[in-house]
Amino acid sequence: MSKEEILKYDNVPVIVASKYLDVAPMYIRMGLRHNRLPFGSAVQTSGKEDGHWSYQISPGALINWKEGKSLQDWINENKTYLKTLLNE
């Protein structure tokens with residue numbers, strides 16, 4: 001999968017993220033459930049321990065994580081753009 005394909009999503013599906021990172025879908029699910037992966041979040045949608053989970057995966061954060069970039073790296077690379085947004 002390419003970065004361009006990932007960027008087409010507002011919320012990257014777990015199966016797509018797992019293919020992009022070449023890991024098992026359960027790796028993504030468990031990593032998000034236990035706050036070990038910085039590119040998304042997981043929310044349990046029922047009160048039971050074995051209940052359903054909902055996942056939110058940011059396409060930009062997923063790409064940055066795969067490329068070893070931090071949020072600060074992205075800010076530094078996009079300072080000019082961010083300044084125009086803030087009218088500085």
Side-chain angles (χ1 to χ4, degrees):
M1 301 207 81
S2 68
K3 290 195 295 188
E4 292 74 22
E5 290 173 303
I6 295 298
L7 290 171
K8 290 179 183 177
Y9 291 95
D10 290 328
N11 178 21
V12 181
V14 169
I15 192 73
V16 172
S18 71
K19 288 178 183 177
Y20 181 66
L21 296 177
D22 195 27
V23 297
M26 190 55 73
Y27 173 89
I28 302 291
R29 288 186 194 98
M30 297 308 291
L32 293 175
R33 287 182 194 182
H34 296 284
N35 297 313
R36 301 282 189 210
L37 299 174
F39 49 76
S41 60
V43 175
Q44 193 169 15
T45 57
S46 72
K48 297 180 181 178
E49 187 173 317
D50 62 345
H52 296 294
W53 288 79
S54 181
Y55 302 93
Q56 177 68 38
I57 299 175
S58 164
L62 178 64
I63 291 167
N64 284 343
W65 191 73
K66 181 176 180 175
E67 294 178 351
K69 295 180 181 178
S70 68
L71 178 58
Q72 188 61 51
D73 292 334
W74 184 89
I75 290 170
N76 290 337
E77 291 172 3
N78 293 281
K79 278 185 180 179
T80 303
Y81 172 68
L82 293 170
K83 285 181 181 181
T84 61
L85 289 177
L86 299 172
N87 295 319
E88 291 185 5

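Just so it is clear, the values below take in all heavy atoms, side chains as well, and ignore hydrogens, waters and symmetry mates.
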Checklist entry - Taking it one step at a time, do Leu21 and Leu62 satisfy side chain to side chain contact (heavy atoms under 4.5 Å, CB included)? => result CA-CA 9 Å; Leu21 296 177; Leu62 178 64; 3.8 Å; yes
* Asked: Can you check side chain to side chain contact (heavy atoms under 4.5 Å, CB included) on Lys66 and Lys3, steps first, answer last?
  -> CA-CA 10 Å; Lys66 181 176 180 175; Lys3 290 195 295 188; over 6 Å; no
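A heavy-atom distance below 4.5 Å is not found between the side chains of Glu5 and Tyr20. Side-chain contact between Leu37 and Ile57 is absent, with no heavy-atom pair separated by less than 4.5 Å.
For Thr45 against Ser54, the heavy-atom pair with the smallest separation is CG2-CB, 3.7 Å.
Environment of OH in Tyr55: crowded, with over 12 heavy atoms of neighbouring residues, nucleotides or ligands closer than 6.0 Å.
In the hydrophobic clustering of ILVMFWY residues, with side-chain heavy atoms under 4.5 Å counting as a link, Val43 and Leu32 come out apart. Cluster membership for Ile15 and Met1, using ILVMFWY side-chain heavy atoms within less than 4.5 angstrom, is shared. Linking ILVMFWY side-chain heavy atoms closer than 4.5 Å, directly or via other members, places Phe39 and Met30 in two distinct hydrophobic clusters.
The distance from the CZ atom of Arg29 to the OG atom of Ser18 is 7.5 Å, given to the nearest 0.5 Å. Between atom CG of residue Asp10 and atom OG of residue Ser58 there is a gap of 10.0 Å, rounded to the nearest 0.5 Å. The structure places CZ of Arg33 at 13.0 Å from OG of Ser41, a figure rounded to the nearest 0.5 Å.
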